[in-house]
Structure formats: C-alpha cells, structure tokens
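Values in this document were obtained by computation on a predicted structure and should not be read as measured data.
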Amino acid sequence: MVLGIIGLALCWFPFVGWLCALVGVILGGLGMSKAKKIGGKGKGMAIAGLVCGIVGLAIGVLLFVLTMMATRAFDDYMTKGKQSEAQLELRSIERKVKMLYAEKSAFPKSAPEMPGQIASVCSTANGKFPVVPSSQWTLGWQELDFSIMEPSNCSYELVSAGQEAKVIARCDLDCDGTASVTTMTLTAAQGNVTATTSEPTPD
C-alpha cells in the first residue's frame, strides 16, 4: 500500500514513481492472494496498494506520452518558424533578382552574409540579429535594394557566378550551433530567370 501511494504521488517522475507504482501493483496482487489464505486480513491495504499503483502507472505513462507529444509539437513549430521566415525573405529576393535581370540582363554581385554570420546570432539580444541599416548592406544587396527591417533569426548570403546565382539562408532558432540551411538557386536561360529552392536541412 505504501509503495502504491508513493508511486501515485511521484507518478510524474518517469522512473522513480513508475518503479514504486509497479512494485506496489505486484505486492498488492501478492497481498490479496495471501489475504485470502488468512481469512481476508490485510486485504483492504492490498487492494489500496494495487489500485494506487495502477492509477500511478496510468497517470505516469499518460504524462510521459503528453510530454513527448508537446516536445515534438514544439520542434515542429520551431522548424516551421525557420522555414516561414527564410521562405518569405527568399521570395522577396527572388522577385528583386528577376526585376534586376530584366533591367540589366545580369545577376547582382556576390554579397556577404547579412545581417551577420549565423554563428553569432545566439550571442545577440533575444537570439536574433538586430536591425542593420540598409546602408550597410553592400554590393549585391544594394543592387537589389534588399535589407531586413526587423530583428531576424536568419542570415542571407548571395553568391553570383555568370548565369547563375545562389542565395543561402541560414537559421538557428534553437541555438545549438547547427544552422538549418535553405538554398535558392537562380539560373538564366533565354532572358528568363528561374528559381529552385531546396528543402531546409535539419537544425
């Protein structure tokens, strides 16, 4: 009975509470069997231990399953956050590149990773890059008149070579030092620019 009650009270502890509850169930069953042989003495305590142990195990397993589901849902939310921010900015860059190419028949110059190197994002306030004035977005970014006017979780790099350009988006929302990378490749053929975007790599 004591172990069953302890297992019920500590059911939110995955191992300690579960072990006590399990032992309470086993001993409760044995106690009921023994109580029958001695005229029912102690049967009530055996039943209490058995019931408390079963309830403790059930609640503990339920809490564990719910925790795993919540963790997975949070991971999915974080992944979608990376994808939505990166995809939004990449679409904006794509439109600007196509407009520039239609005007000048050339891709913009290569441009450095902005608003900063992704490795440093977690050392900034709130784990986001602060807004960098548009005047500091150099080379190809200035040609495109592109900058990010709000704190960002992601950085963007522009690599241009001949009739092809790549825009690399890097995001690290969980600050584990591994960035999720999405690459948009733009190619020109017969005066038209087409864009293909890769799936984000795991973070």
Side-chain angles (χ1 to χ4, degrees), residues 64-203:
F64 180 77
V65 171
L66 290 175
T67 300
M68 292 297 100
M69 291 175 62
T71 300
R72 180 170 296 180
F74 179 74
D75 289 341
D76 290 343
Y77 169 77
M78 297 287 278
T79 299
K80 288 178 182 178
K82 295 188 199 66
Q83 292 175 354
S84 61
E85 178 180 341
Q87 289 174 353
L88 180 64
E89 299 298 348
L90 287 174
R91 283 195 293 268
S92 174
I93 295 170
E94 178 186 348
R95 289 192 297 268
K96 290 178 179 292
V97 169
K98 288 181 176 179
M99 290 174 59
L100 179 69
Y101 194 89
E103 180 183 345
K104 297 184 177 181
S105 297
F107 284 116
K109 299 174 184 176
S110 296
E113 190 175 355
M114 292 292 289
Q117 293 188 347
I118 195 63
S120 65
V121 67
C122 293
S123 63
T124 60
N126 300 321
K128 292 186 176 184
F129 290 114
V131 175
V132 175
S134 57
S135 59
Q136 295 183 25
W137 291 67
T138 59
L139 301 173
W141 299 130
Q142 285 193 348
E143 288 185 80
L144 294 174
D145 191 26
F146 176 80
S147 61
I148 300 174
M149 303 310 296
E150 59 185 18
S152 173
N153 289 302
C154 304
S155 68
Y156 302 88
E157 181 182 5
L158 175 58
V159 180
S160 185
Q163 294 301 297
E164 182 179 277
K166 290 185 178 181
V167 183
I168 305 167
R170 300 180 177 91
C171 308
D172 186 7
L173 284 183
D174 54 10
C175 286
D176 64 352
T178 301
S180 174
V181 179
T182 306
T183 302
M184 179 175 66
T185 302
L186 301 116
T187 55
Q190 298 180 345
N192 295 319
V193 175
T194 57
T196 56
T197 304
S198 68
E199 289 296 321
T201 62
D203 184 350

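How far CD of Glu143 is from OG1 of Thr138: 10.5 Å, rounded to the nearest 0.5 Å. For the atom pair Cys171 SG and Glu85 CD, the distance stands at 5.5 Å (nearest 0.5 Å).
Annotation: ring pair (Phe, Tyr, Trp, His ring centres under 6.0 Å) contacts involving residues 110-140, sequence neighbours excluded, comprise Trp137-Trp141, Trp137-Phe146. Among residues at least two apart or in separate chains, salt bridge (Lys or Arg N to Asp or Glu O under 4.0 Å) pairs with a member in residues 144-166 are Glu157-Arg170.
Counting all heavy atoms, side chain and backbone alike, Gln142 lies closest to Ser134 at NE2-O, 4.5 Å. When all heavy atoms of Ala86 and Tyr156 are compared, the pair lying nearest together is CA-OH, 3.6 Å. Listed here is the closest heavy atom pair of Leu158 and Val167: CD1-CG2, 3.8 Å. Met184 and Leu90 make their closest contact through CE-O, 3.5 Å (heavy atoms, listed as atom of the first residue, atom of the second, distance). Between Asn153 and Lys128, the shortest heavy-atom distance links the atoms OD1-CG, 3.2 Å. Closest approach of Lys96 and Leu144 over heavy atoms only: CD-O, 3.2 Å.
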Which pairs of donor and acceptor atoms, one on a side chain in residues 101-116, lie under 3.5 Å apart (sequence neighbours left out)?
residue : atom : partner : partner atom : Å
Tyr101  : OH   : Gln163  : OE1          : 2.9
Ser110  : OG   : Ser160  : N            : 2.8
Ser110  : OG   : Ser160  : O            : 3.3
Glu113  : OE2  : Ile118  : N            : 3.0
Glu113  : OE2  : Ser155  : OG           : 2.5

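Using a 4.5 Å cut-off on side-chain heavy atoms (C-beta onward), Asp172 and Ser180 make no contact.
No side-chain donor-acceptor contact under 3.5 Å links Thr182 and Gln87.
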